[in-house]
> 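My questions will all concern the structure given below.
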2 protein chains.
Amino acid sequence: MQIDAIDRKIIASLGEDARRSYADVGAQVALSAPAVKRRVDRLRAEGVITGFTAVIAPAALGGTTEAFVELFCAGRTSPAEIRRAALRHPEVVAAYTVSGDADAILHLRVSDISHLEEALEGLRAERFVNSTRSTIVLSMLMERPAALT
Amino acid sequence: MQIDAIDRKIIASLGEDARRSYADVGAQVALSAPAVKRRVDRLRAEGVITGFTAVIAPAALGGTTEAFVELFCAGRTSPAEIRRAALRHPEVVAAYTVSGDADAILHLRVSDISHLEEALEGLRAERFVNSTRSTIVLSMLMERPAALT
DNA sequence: AGTGAAAAGGATTTAGC
DNA sequence: GCTAAATCCTTTTCACT
């Protein structure tokens, strides 16, 4: 479970381009392709690298509007219950329990405002949701993958 | 700039595993490897697929604490200015301008609470920031890549 | 427009060191 | 960790629909 400087460089390199070949990554870190592969295999086995994914322009998939929705929940609502509800609603792209007056924050991606209204209706229909408070995203300024931090 | 059902399946497949071979993806969508490659090339050229990245467990890189920070800015602050500031602070993993009383929401990933305090100091030192309001994330319930929506 | 087949050049992966 | 070798994948070209 030890991550050294070379592992970090490998992660950064694959964070920039997950389809980069092991030979290319190896050139950056002065290692042979098999050595890089073994490290990547190890990092995956250890759960450091969770996977590799395509980065998609949300607009291309019809998700052109975003919002943050604060959830105010009934007294005995468990995080697991909120999580299950969030997964049921495809508009929810991320969900967090939080400190402060709200119990959770959901990040929603929808096609337009009327779709947002629908999604909010659906969320408020969940048994444990007392009320919601929405903040509309005017523009996405930046999003940085964890690998490039 | 047209995306058909096969494109969508290809995006979903590479969203699940960006290092999957074109032959494997082709097997899922009943297309040959060259045909899949041409579609992926086209989707990249059109900006639908922005890139491919490694998904990293934030904890492995020392980012075990998260927070949402609302920014209240001086009257004449442009989104571009907020964006530049967000990029300057490595703790900021995402930034959005929003409707409502705050001007922007920043998503921060830090190693611990004292690191959060430092990061907040840094943000408040920006000329255009009048004040901030922070919400600590208690637990990340789910995060869904855009490709799997 | 978009497809598959084939071939050359690379990449991955196993094995031995 | 490296090199070498077999296998598989990628990518270009070309012919077909």
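Here is how names work: the chains are called A, B, and so on, in the same order as the sequence lines, proteins then strands, and each is numbered from 1. Both backbone and side-chain heavy atoms feed into the values below; hydrogens, waters and symmetry mates do not.
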> Looking for any heavy atom pair under 4.0 Å, which part of the strands does B:Arg39 touch: base, sugar-phosphate only, or nothing?
sugar-phosphate
> Ring centroids only, cut at 6.0 angstrom: are A:Phe68 and B:His107 within range, meaning strictly under it?
no
> Across all strands shown, which nucleotide pairs with D:dT17 by Watson-Crick or G-U wobble geometry, both distances under 3.5 Å?
none
> Pick the nucleotide of DNA chain D nearest each of B:Arg38 and A:Arg38; which residue has the one closer to the 5' end?
A:Arg38
> Rounded off to whole Å, could you give me the CD1-to-C1' distance for the B:Ile3 and C:dA1 pair?
17 Å
> Roughly how far, to the nearest 0.5 Å, is the CD1 atom of B:Ile11 from the OG1 atom of A:Thr53?
11.0 Å
> In residues 11-36 of chain A, which residues come under 4.0 Å of DNA chain C by heavy atom?
A:Ser21, A:Tyr22, A:Ala23, A:Pro34
> Mind calculating the distance between CD1 (B:Ile6) and P (C:dA1) to the nearest angstrom?
18 Å
> Pick from A:Lys37, A:Arg44, A:Arg38: which one makes a salt bridge (Lys or Arg N to Asp or Glu O under 4.0 Å) with A:Asp41?
A:Lys37
> Check the surroundings of atom CZ in B:Arg20: do more than 12 heavy atoms from other residues, nucleotides or ligands lie under 6.0 Å from it?
yes
> With a 3.5 Å cut-off and just heavy-atom distances, do the side chain of B:Arg42 and the base of C:dG2 make a donor-acceptor pair?
no
> Under 4.5 Å between any side-chain heavy atoms of A:Val110 and A:Glu118, yes or no?
no
> Can A:Arg42 and A:Asp7 be said to form a side-chain contact (heavy atoms from CB on, under 4.5 Å), step by step?
CA-CA 10 Å; A:Arg42 197 197 72 226; A:Asp7 289 333; 2.5 Å; yes
> Could you tell me which nucleotide pairs with C:dA1 by Watson-Crick or G-U wobble geometry, both distances under 3.5 Å, or answer none if nothing does?
none
> A:Asp41 has an atom CG; how far is it from atom C1' of C:dT12, in whole Å?
11 Å
